[in-house]
Amino acid sequence: MSSSRRPSFFHLSTWLPLPALALAALLAALPVHAATGEQKLTPRDFSTLIPIETKGNAPVYRLDLPFSVYERSRLSPLRDVRVFNSLGQAEAIYINAAESLPEPGREHAFPCFSLRVRVSPDGVALLRDGRDAPASGPGRDKNEAYETRGLLVDFDQKRPRFDRVRLVPGETLSNSAAGPDGQHGSMLSTRLYVSRDLQHWSLAARPSLGRLRVDGQSLEMLELPVGELDQRYMLLVPAAGSELFPVRELLAREKAKSATSVQSVRLHGRKDDKAGGFGYAVPRGLPVLNLEPELDSDNVLLRGRILTPALPERGNARHRVARRQNETELVWEERAPLFYYRLGGNGRDFRHSDPVPFDRDWLGPENNAPLLRDAPFTLLLRLRGDRAEAPALLVRWARQQLYFMAGGPGPYILAVGSLKAEEAADTRDAALRELPVQAAPARLEMDKLHAQTPPTAYAETSGGQRLLLWGVLLLGAACMAFMAVQLLRKPKE
């Protein structure tokens, strides 16, 4: 009679299924761990919290984003910005460039100078002697030369930007004064000349100016054809046999322009001997438009190159060796030349060059690689010469606004600065701009800004789940070690 022997507790067959069980438990615990990475963010996950001041009970609010928000963001471009209500729930948001409203045209007053001129078939010339110019009487040949008093205006550098130019008479125009050839009212035929240098004049138009009576009402026609004023100097000459009425000044209104709403900030740089230039910390998500060096002295010329950091190319063998040697190394990529001057004297700034255009894509706002994200400088100026101090930079950027839905109860806070936002669901919704309601204005209370330390990546998982994962891993490792020992102790058959 055969008796079956039960395997002992330390026999290999007893522990053989344990690694499979440990592996199954580990696979079952991994989805639980992965689900924690998709959990909703809370204000505790961000490094900066800024209260939002709202008025009324509007469904949608909008607020301007100051430089501090860009500066404290960790994921470009502003991918880690959220708005939370009082219940800690994230509201739907949308970030867009501020609307470009037409700027009202400003009006400039230019003095008018009366001086003697001579008009001939060959053109017009300024007379510089001290004699008065007698006006030629009516009925003379139109091709005959005559002398009279004209009106000279110097537009300086503002001339090309006008959409309306009109004369302001020195006294009320009389209704009884008659123009040449029996014109109605007090209309006056004139000739409008333009010039660049006061020497060479060209006839631009023949406007009729004065007061006209229509249906018992007086209409002043004192506007000049602005489309013809394309030179620096303007000369208005009355027709032969007429005298120009007294003019106090000339008013010119600038064209209304729909320019991009711009904000600016002054940044101070620091010399970087390793990079060979002056480094500046420009937020990578900032929509930069242009740069302008601020110089503390007159008659200065800056020439050099603009550089931004970039990741080494992985396809090049030389770069692969360099990356193995130093994993924190960035390369500086040349973007554009820098040329800026400031000319002046006696403390007065006479002339300076235009701001240097800047392409926001040079900063790589869509790339959040750790090397770029944590770089101390995002802009480098390599200047010619032996300049010891970094010039201050006036950085201008396109103003942006944040829209958010007031879905939950207030008060609301704006949170920024979280690496966890890269894996969390985005709350941006472009439909906020299409809602048939007008967004109410709101503002950030920057004086109540609260900075905190967000939890590290290790603490993103709860304590119980973390212990479960470590227990499963340790159990699997112990089972594998025990099996290895048993296999070594098993006698050879």
Side-chain angles (χ1 to χ4, degrees), residues 67-68 70-73 76-77 157 260 262-313 316 318-319 322-323 325-326 328-367 369-399:
F67 180 77
S68 299
Y70 298 93
E71 192 177 26
R72 295 171 180 269
S73 174
S76 173
Q157 303 298 328
T260 303
V262 178
Q263 291 180 296
S264 61
V265 65
R266 181 179 292 102
L267 298 180
H268 297 278
R270 192 175 62 188
K271 191 171 184 179
D272 189 341
D273 295 328
K274 184 178 180 181
F278 300 105
Y280 299 83
V282 180
R284 294 175 51 248
L286 193 70
V288 181
L289 298 175
N290 56 57
L291 311 172
E292 185 172 1
E294 291 196 338
L295 307 175
D296 53 0
S297 58
D298 298 326
N299 302 327
V300 178
L301 173 62
L302 289 182
R303 298 185 64 185
R305 305 290 296 180
I306 299 176
L307 302 92
T308 58
L311 295 174
E313 297 181 5
N316 190 301
R318 178 172 56 86
H319 283 162
R323 286 174 61 87
Q325 293 176 352
N326 190 354
T328 61
E329 189 71 22
L330 284 174
V331 296
W332 289 96
E333 185 174 350
E334 291 190 1
R335 297 298 186 179
L338 173 68
F339 179 80
Y340 187 84
Y341 62 84
R342 181 172 181 265
L343 306 177
N346 297 327
R348 180 181 177 184
D349 188 9
F350 292 123
R351 183 174 298 180
H352 60 83
S353 57
D354 294 332
V356 182
F358 192 90
D359 189 344
R360 66 189 67 178
D361 292 335
W362 292 346
L363 297 176
E366 301 295 335
N367 191 343
L371 284 179
L372 289 177
R373 187 183 63 214
D374 301 329
F377 299 124
T378 55
L379 177 67
L380 187 73
L381 298 184
R382 288 179 179 168
L383 304 178
R384 296 185 181 181
D386 54 353
R387 189 178 182 89
E389 296 182 358
L393 275 186
L394 186 65
V395 180
R396 297 183 179 89
W397 77 90
R399 185 166 65 96

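The basis for the numbers below is simple: all heavy atoms, side chains too, and nothing from hydrogens, waters or symmetry mates.
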Distance-minimising heavy-atom pair for [X] and [Y]:
| X | Y | answer |
| --- | --- | --- |
| W332 | A275 | NE1-CB, 3.5 Å |
| L311 | A369 | CD1-CB, 3.8 Å |
| L302 | P293 | CD1-CB, 3.8 Å |

Rounded distance (nearest 0.5 Å) linking atom [atom1] of [X] with atom [atom2] of [Y]:
| X | Y | atom1 | atom2 | answer |
| --- | --- | --- | --- | --- |
| R305 | R384 | CZ | CZ | 9.0 Å |
| R399 | Q263 | CZ | CD | 6.0 Å |
| S73 | R373 | OG | CZ | 10.5 Å |
| T308 | E334 | OG1 | CD | 10.5 Å |

Q.
Between E389 and R387, does any NZ, NE, NH1 or NH2 come within less than 4.0 Å of an OD or OE carboxylate oxygen?
A. no
Just wondering, do [Y] and [X] contact through their side chains at under 4.5 Å, heavy atoms?
| X | Y | result |
| --- | --- | --- |
| L267 | L379 | no |
| F278 | D272 | no |
| L286 | E71 | no |
| R382 | L307 | yes |
| L383 | P391 | yes |

Side-chain donor or acceptor of [X] paired with backbone N/O of [Y] under 3.5 Å:
| X | Y | result |
| --- | --- | --- |
| R284 | L363 | yes |
| T378 | V282 | yes |
| S264 | R396 | no |

**Q.** Check against side-chain contact (heavy atoms from CB on, under 4.5 Å), R270 and F377
**A.** CA-CA 9 Å; R270 192 175 62 188; F377 299 124; 3.2 Å; yes
Q) With under 30° as parallel and over 60° as perpendicular, where do the rings of F67 and W397 fit, or are they tilted in between? A) tilted
Q. How would you list, by chain and number, every residue that makes a side chain to side chain donor-acceptor pair (under 3.5 Å) with D374, sequence neighbours excluded?
A. R74
